[in-house]
Amino acid sequence: MSSSSSSSSSSSCPILCASFNQDNSCFAIGTKDGFKIFDTNTGKLCYERAVGAFSIVEMLFTSSLLAIVGAGDQPSLSPRRLCLFNTTTGAPLRELNFLTSILAIRMNRKRLIVILQDKAYVYEINSLSILDTFDTVPNIKGLCAFSPCLDACYMALPASTTKGSALLYNVMDCSLHCEIEAHRSPLAAMVFSSNGMYIATASEQGTLVRVHLVSDATKSYSFRRGSYQSTIFSLSFGPSKQLPDILAATSSSGSIHLFTLGFASHPRSKRSSGFLGSIIPDAVNDVLDPAYHHVLHNAVPAGVKSSAVIRKVENVTDTSSSELLACRANMCVITYNGYFQEYNLRVDAQKLSWSLESETNLLSVTLDKSYHSTIAANIKCLLRETSKFNPEPWLL
């Protein structure tokens, strides 16, 4: 649970919600005045609508379909009503009403997930036919991880209010896959890798981040974020077809933490020469090695909620031995006080170097209509050529 200072800081922030789309190419924010969609590559505003306050705005890749939920400041924007909205026509397509407030929405090309405090609903996204309903433990934060990958289409929900365990469901056939016991205290954040093969979790204590292999629910890595309590706001894996190379975490301390799974999975041959290095097995020694943990201090004002994603990763290897020497990555951060930041990172086995490439005030940027028209046309062509998902009627 967030500390009082974190809660007060976050509640006074102008951004009510923020989320990246499934491939991190765009992101959406909700404010007290409406919602906006931005291009992650440029930070430019693609779409905006000022109709009132929104607590949830979720995109379906780069299509025109949005799932939006009002913040309840007016009767037409009830927090119990999910509106599927078409940005092309500027009109609602369908509405779904629930008995209690909607706390989270997740989507991919086949499934729509609606999270309430004690239930999770699974819908087929094209027909909106309900496939299953899962009763959950009280989930007041609406915590849910969802894989955009159709080959490993998993949903993770908290399994307990007293410890950090998660239930993983395969939502293609609506079956329980496994339960993962990750932490001693309740969960605060969790995320799947883009391929659905791994899940990362953090507890309310916020001192450890753990990574599990989803297929057999085995713990693969543990990283120590710090020794003092901190609220983990977001977790994000770098894109990868196998094990992601980098995992990013934002926290209430204002720091962004980077954990290098690539180096942890391929440690250098030389072991620690100290006493501990000689008696602790490799797997445990890797957990304790601080070389796999790097920090961007004071990246965000302390207590301000933030969300970070690793968008691009490029590995630098030794040409003779194929040993991993360094990772170059692009990281994007949304801060709830109204900024979008883009960082270039270089991480090797010993240190992190970084540069802030750009920072955009999300509240003051104006809509470039010619830019929006060009992007919309490109996205229509891309979807028609490459997407297995029927693009109509969700084209921008």
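Checked by atom type and distance alone, the side chain of Arg210 pairs as donor or acceptor with a backbone atom of Ala182 at under 3.5 Å. In this structure a side-chain-to-backbone donor-acceptor pair under 3.5 Å is missing from Gln74 to Leu77. Ser355 places no side-chain N or O within 3.5 Å of a backbone atom of Glu357 that could act as its donor or acceptor partner. Here the side chain of Asn41 pairs no donor or acceptor atom with the backbone of Ser25 at under 3.5 angstrom. A donor-acceptor pair under 3.5 Å is formed between the side chain of Arg311 and the backbone N or O of Asn24. Judged by distance alone, with hydrogens and angles left aside, the side-chain atoms of Thr40 form a donor-acceptor pair with the main-chain N or O of Cys26 at under 3.5 Å. The closest donor-acceptor contact from the side chain of Ser55 to the backbone of Gly70 lies under 3.5 Å. In this structure, Arg49 contributes its side chain and Lys36 its backbone to no donor-acceptor pair below 3.5 Å. In this structure, Ser78 contributes its side chain and Arg80 its backbone to a donor-acceptor pair below 3.5 Å. Remark: side-chain polar atoms of Ser64 are not paired, donor with acceptor, to backbone N or O of Thr88 under 3.5 angstrom.
Residues Tyr339 and Gln341 bring no donor and acceptor atom of their side chains to less than 3.5 Å of each other. In this model, a donor atom of one side chain and an acceptor atom of the other lie less than 3.5 Å apart for Glu342 and Asn330. No side-chain donor from either of Asp33 and Thr31 sits under 3.5 Å from a side-chain acceptor of the other. Arg346 and Ser353 form no side-chain donor-acceptor contact under 3.5 Å, judged by distance and modelled atom types alone. In this structure, a donor-acceptor pair under 3.5 Å is absent between the side chains of His212 and Thr201. Between the side chains of Arg81 and Asn97, at least one donor N or O sits under 3.5 Å from an acceptor N or O. For the 3.5 Å distance criterion, the side chains of Ser234 and Thr250 qualify, holding a donor opposite an acceptor. In the model, Thr317 has no side-chain atom that pairs as donor or acceptor with a side-chain atom of Asn315 under 3.5 Å. With 3.5 Å as the limit, one finds no donor-acceptor pair spanning the side chains of Gln205 and Thr207. There is a side-chain donor-acceptor pair under 3.5 Å between His293 and His257. Side chains of Ser230 and Ser252: a donor on one and an acceptor on the other come within 3.5 Å.
Salt bridge Glu204/Lys141: present, at least one basic N to carboxylate O contact under 4.0 Å. In summary, Lys119 and Asp135 engage in a salt bridge, as defined by a charged side-chain N under 4.0 Å from a carboxylate O. The pair Glu58-Arg106 counts as a salt bridge, with a side-chain nitrogen and a carboxylate oxygen less than 4.0 angstrom apart.
A continuous path of hydrophobic side-chain contacts links Leu176 to Phe146 [ILVMFWY only; heavy atoms under 4.5 Å]. Using a 4.5 Å cut-off between side-chain heavy atoms of Ile, Leu, Val, Met, Phe, Trp and Tyr, with links allowed through other members, Phe20 and Tyr336 fall into the same hydrophobic cluster. Hydrophobic clustering of Ile, Leu, Val, Met, Phe, Trp and Tyr side chains at less than 4.5 Å, counting indirect connections, unites Ile246 with Leu356. Cluster membership for Leu352 and Val333, using ILVMFWY side-chain heavy atoms within less than 4.5 angstrom, is shared. Taking hydrophobic clusters as Ile, Leu, Val, Met, Phe, Trp and Tyr residues chained together by side-chain heavy-atom distances below 4.5 Å, Ile199 does not share a cluster with Leu157.
Ring planes of Phe35 and Tyr47: parallel class, angle under 30° (limits at 30 and 60°). Using a 30° and 60° split on the angle between ring planes, Tyr121 and Phe98 fall in the tilted class, from 30° to 60°.
Counting only heavy atoms from C-beta outward, the side chains of Leu243 and Tyr198 approach each other to under 4.5 Å. Side-chain contact between Leu65 and Leu93 is present, with at least one heavy-atom pair separated by less than 4.5 Å. Within the 4.5 Å cutoff, the side chain of Lys305 has no heavy atoms near those of the Ile15 side chain. Cys327 is not listed as a side-chain neighbour of Thr260, based on a closest heavy-atom distance of 4.5 Å or more. Between Lys44 and Val365 the shortest side-chain heavy-atom distance does not fall below 4.5 Å. Side chains of Leu258 and Leu296 form a contact here, defined as non-hydrogen atoms less than 4.5 Å apart. Contact of the Ser19 side chain with the Met59 side chain is not registered, since no non-hydrogen atoms from C-beta on lie closer than 4.5 Å. Lys163 is not listed as a side-chain neighbour of His183, based on a closest heavy-atom distance of 4.5 Å or more.
Between Pro186 and Thr161 the shortest heavy-atom distance is CG-O, 3.2 Å. Considering every non-hydrogen atom in both Asn139 and Leu103, the closest pair reads O-CD1, 3.2 Å. Smallest separation of non-hydrogen atoms from Lys351 and Asp348: N-OD1, 2.7 Å. For Leu143 against Pro158, the heavy-atom pair with the smallest separation is O-CD, 3.4 Å. Ser147 and Ser194 make their closest contact through OG-O, 4.4 Å (heavy atoms, listed as atom of the first residue, atom of the second, distance). Closest approach of Val214 to His177, counting heavy atoms only: O-NE2, 2.8 Å.
The CD1 atom of Ile334 sits 8.5 Å away from the CZ atom of Phe38 when rounded to the nearest 0.5 Å. A distance of 5.5 Å separates CD in Gln22 from CG in Leu60, rounded to the nearest 0.5 Å. In this structure, the separation between OH on Tyr228 and OG on Ser251 is 6.0 Å, given to the nearest 0.5 Å. In this structure, the separation between OG on Ser193 and CG on Leu261 is 10.0 Å, given to the nearest 0.5 Å. Separating the CD1 atom in Ile310 from the CG atom in Asp245 is a distance of 10.5 Å, to the nearest 0.5 Å. Taken from CG in Leu16 to SG in Cys13, the straight-line distance is 9.5 Å, to the nearest 0.5 Å.
Separation of the Tyr292 and Phe259 ring centroids does not fall under the 6.0 Å cut-off. Proximity of the aromatic rings of Phe134 and Tyr169 is defined here by a centroid distance below 6.0 angstrom, and this criterion is met.
For CG of Leu99, the number of neighbouring non-hydrogen atoms (other residues, nucleotides, ligands) closer than 6.0 Å is 12 at most.
Tyr123 pairs with exactly one of Ile113, Leu131, Asp132, Leu96 by the side chain to side chain contact (heavy atoms under 4.5 Å, CB included) rule, that one being Leu96.
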>> With side-chain contact (heavy atoms from CB on, under 4.5 Å) as the criterion, how do Met107 and Ile125 come out once you've worked through the C-alpha distance, each side chain's angles and the decisive distance to 0.1 Å?
In response: CA-CA 8 Å; Met107 293 187 289; Ile125 197 167; 3.9 Å; yes

